[in-house]
Amino acid sequence: MSDGTAHKQSFITKYIFSTDHKMIGIQFLWFGTFWLLWGGLQAMLIRWQLAYSGQPVPIIGKLLFGASDGIITPDIYNQIFTMHGTIMIFWAVTPLLSGAFANFVIPLQIGARDMAFPVLNMFSFWTFFLSGVILLASHFLPAGPAAAGWTSYPPLSTPVGGIAGHGQALWALSLTLMGIAVIMGAINYVTTVIRMRAPGMGYFQMPLTVWGIWLAAILNAVFVPIIAAGLIFLLLENVFGTQFFIAGSKATVEGGDPLLYQHVFWIFGHPEVYILILPIWGIVSDLLSVFSRKPAFGYRVTATCMCIITCLSAIVWGHHMYTTGMSPLLGKAFMFLTLLISIPSSVFFLNWLGTLWKGSLQLRAPMLFALSVVFVFGIGGLTGLYLATVTSDIYLHDSMFVVGHFHYTLAASVLMGSYAALYFWFPKMFGKMLNPLLGKIHFWGTFIPLNIVFYNMMVTGYAGQHRRLYDPYIYEFLQNLKPLNTQISWWAWLLGAAQVVLVVNLIWSLMKGKKAERNPWNAATIEWTVDYPIPHGNFAQMPTVYTGPHEYSNPAIQGRDWISQTEKLTAAS
Amino acid sequence: MGTLFQSLIHSALSGIWFIKPPQDVSLDGYRIDKVIHYTDTVVAIYMAVVVLSLVYFIVRYRARPGHKAVYERGDKKIYIVATVVLGFTVFFSIDAVIEAMAFKDLKEAFWNFPKGANVVRVEVMPQQFAWNIRYAGPDGYFATDDDIIAPQNQMHIPVDTPVVVQMAPMDVIHTFYIPHFRIKQDATPGMITSFWFQAKESGKFEIACAELCGNGHYRMRGFLTVDSPEDFRAWLEELRQEQEETDDWSDWGEEEDDSGVPQDWGWPWNKKI
Ligand SMILES: [Cu+2]
Ligand SMILES: [Cu+2]
């Protein structure tokens, strides 16, 4: 552990093989942003195919798909949506939340000098990086990357599935490595939060951001090993021809079971939803409080609800498998358990609204994004009801309704929440403010198209369009959806274009942005008590915590409307 | 540009009002539509409450000179009780209701497989990328010489008659999906899955594969023809005679005949599921 004194660092130890949680966080930030843009570009290509099926992709088509004259073929289409899902979940959102923000924020918010295991932290990033290199390389295989969907169900994802080349093997390999990186990170975060909180910071003095990231890390530590085991089996199928997941006439040995993979996948896969959303819940809860100038409403209840949901998330995976022919008893049990999640979710959702109630709402860029999460997560959460119900799921399963729904929870909520976090912590990360006007343009340019795109995806699913169709319009019952799908595509391209505003803002602000003050948002948490650039070791003097994370507008404070967690309530007056 | 803009605005609004699921022609599909409509209504109400409170709070409590936040931690007992009560209200107004509806429908319809002499039994073997369909033939048993094999991708059933389907795929997972019947069932290698349905109207409907099964997934299209019982029997009989004439069963055991359609599949009807 660092002793906090300044020490000499070479370029390599400072910027590349850094053990400083802040630098590792920033590395994860750029890494995740790269993949976010890459995965986003793939989304644009998917929308091209759904709007202008079989026509050559303009401008970049020849460059990307030279062999087919710029036309997306069925093989390429399957590769693109497989990579889009895989990348967005595991290489964009995971590094951003459980990499960038977790790393940057945890030690600063709990008042620690660094992570519990700084070297492990460095290994986590570089393992992640390596997994990304392998995944990226798989795009350039002669037969292309994996094409069995982000879920990669066997037998399709095994050699008997008929997908050419080695894409599936590299997919499984890169995901296994990614899993190892995530486990390393998770162990670090869990330990750091348990062991390294500053004096005075009990669990119920922690910011809700830390709560969210911590609970997500616990889920990661418990469930990623399970999927990693499944992925190693899948890798063996593809490299050594084992048959753990192969059955029926294509099996040459007995005892394989494709359903086993689905269980293993979703035992991890459902908690994964919460791994991605829990940090966002925490961040949004804190941000609503900061920008309402009010304590987070029912703080302890919110934290407790997040814990309950974390536990429940571990026992509901069967709702992804209602149509597999699951026994009625199991179907009912999974449905009941899934619906139970409504109760704690509603309670903490109400607490979000309670935080706004009677506040003084500052509609600055991070707050706009945080408020939009309340809206999009409301829709994402409520539309989950259709899929939790066995009967409506029979009709909606594997349809674009599912795609729209999980884009509301994962893409909309997580993306808007990550942007809120980025606008909020950027000043502490880089010492510069992001331009607020560009921030607002970016917000509206994202918020409006995003809702139109994901909402109408649900509509097309409700109208019968099933997932992963290269050309939906060969079906008569889907032909009436072509105009709507084309319009969704145009909105999606608008959504993509709006992200250019963010990129411009990032570059412009880094170079010419206004210098950030120590505490530009008048926030109470500890990271705002240190000046940029924060030295290796974070604190010249170890902080002691006296108050909760949300002391805003306390009548006992005079002269300003907040006190930092490191100040005594009496001393501030 | 004008029309593009108009159509963009149109698409923002078109969803709910203009686009409907395919017409339901099944006996029990209405149950699924009913659950969806109930959920729609309650979700719309709760979402309206959320949006209205958001808008109200943003307008009423936005920061402005002279306006101050009220220091309210929301940790008084009354607030905790209120939020938890509201949480349970949500549960009992949506979750408990749709759960009750779903359990009832599963018990009365979807998991209540029909028995009796009039039931039509069909075996389906999906493969990359086609549907193979088989009927028991005169002896009433499957996987016997007199099985009737339908032309690939052509399933026929009689109207107003319960139909039970058992499925096992040849290669990878496929999902049997007929939107007009609100039916979706996975077919997974190594196991037999089943479902049942009943048509209340004649006509020709599309069968689709809903589970990604390879590069031909999107074109794995079949047809379900719902005939009058007489026409259905006539169709079966015609097929049977055709197969009696052309088939010599000496090549039983070989993977495929020259049409590329697998012949030697089928399994004794599984009575346990
Ligand atoms: Cu789930
Ligand atoms: Cu398919």
Identify which of [options] forms the greatest number of heavy-atom pairs closer than 4.5 Å to chain A.
options                               : result
B:Arg182, B:Lys184, B:Met191, B:Arg31 : B:Lys184
B:Ile58, B:Thr89, B:Ile183            : B:Ile58
B:Arg219, B:Arg62, B:Arg60, B:Glu206  : B:Glu206

* Structure fact -> Rounded to the nearest 0.5 angstrom, the OG1-NZ distance for A:Thr391 and B:Lys104 is 11.0 Å
Can [X] and [Y] be counted as having a side-chain donor-acceptor contact under 3.5 angstrom?
X        : Y        : result
B:Asp40  : A:Tyr386 : yes
A:Asp75  : B:Asn215 : yes
B:Asp186 : A:Thr324 : no
A:Ser342 : B:Asp95  : yes
B:Glu211 : A:Tyr153 : no

* Asked: Would you call A:Leu353 and B:Leu54 a side-chain contact if the rule is heavy atoms closer than 4.5 Å?
  -> yes
* Under 30°, 30 to 60°, or over 60°: which ring-plane class applies to B:Tyr177 and A:His466, parallel, tilted or perpendicular? -> perpendicular
* Qualifying residue, where the test is ring-ring contact (aromatic ring centres under 6.0 Å, His included) with A:Phe297 and the options are B:Tyr71, B:Tyr79, B:Phe57 ->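 So the option named by the test is B:Tyr79.
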* chain A heavy atoms under 4.5 Å from B:Ile178: which part of the residue, side chain, backbone, both or neither? -> neither
* **Region of B:Thr188 in contact with chain A, defined by heavy-atom distances below 4.5 Å** => side chain
* Specify which of A:Leu363, A:Leu156, A:Val374 makes the most heavy-atom pairs with chain B at under 4.5 Å. =>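 Most pairs with chain B among the choices: A:Leu156.
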* Quick one: which of A:Phe375, A:Tyr552, A:Trp357, A:Phe291 has the most heavy-atom pairs under 4.5 Å with chain B, could you say? =>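 Top option by heavy-atom pairs under 4.5 Å: A:Trp357.
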* Heavy atoms of other groups near B:Lys34 NZ, more than 12 under 6.0 Å -> no
* Ignoring hydrogens and geometry, is there a side-chain-to-backbone donor-acceptor pair from B:His180 to A:Phe477 under 3.5 Å? -> no
* To do: Flag the pair B:Lys204 and A:Glu476 as a salt bridge only when some basic side-chain nitrogen lies within less than 4.0 angstrom of an acidic carboxylate oxygen.
  => no
* Given a strict heavy-atom distance threshold of 4.5 Å, which part of A:Pro449 is in contact with chain B: side chain, backbone, both, or neither? -> neither
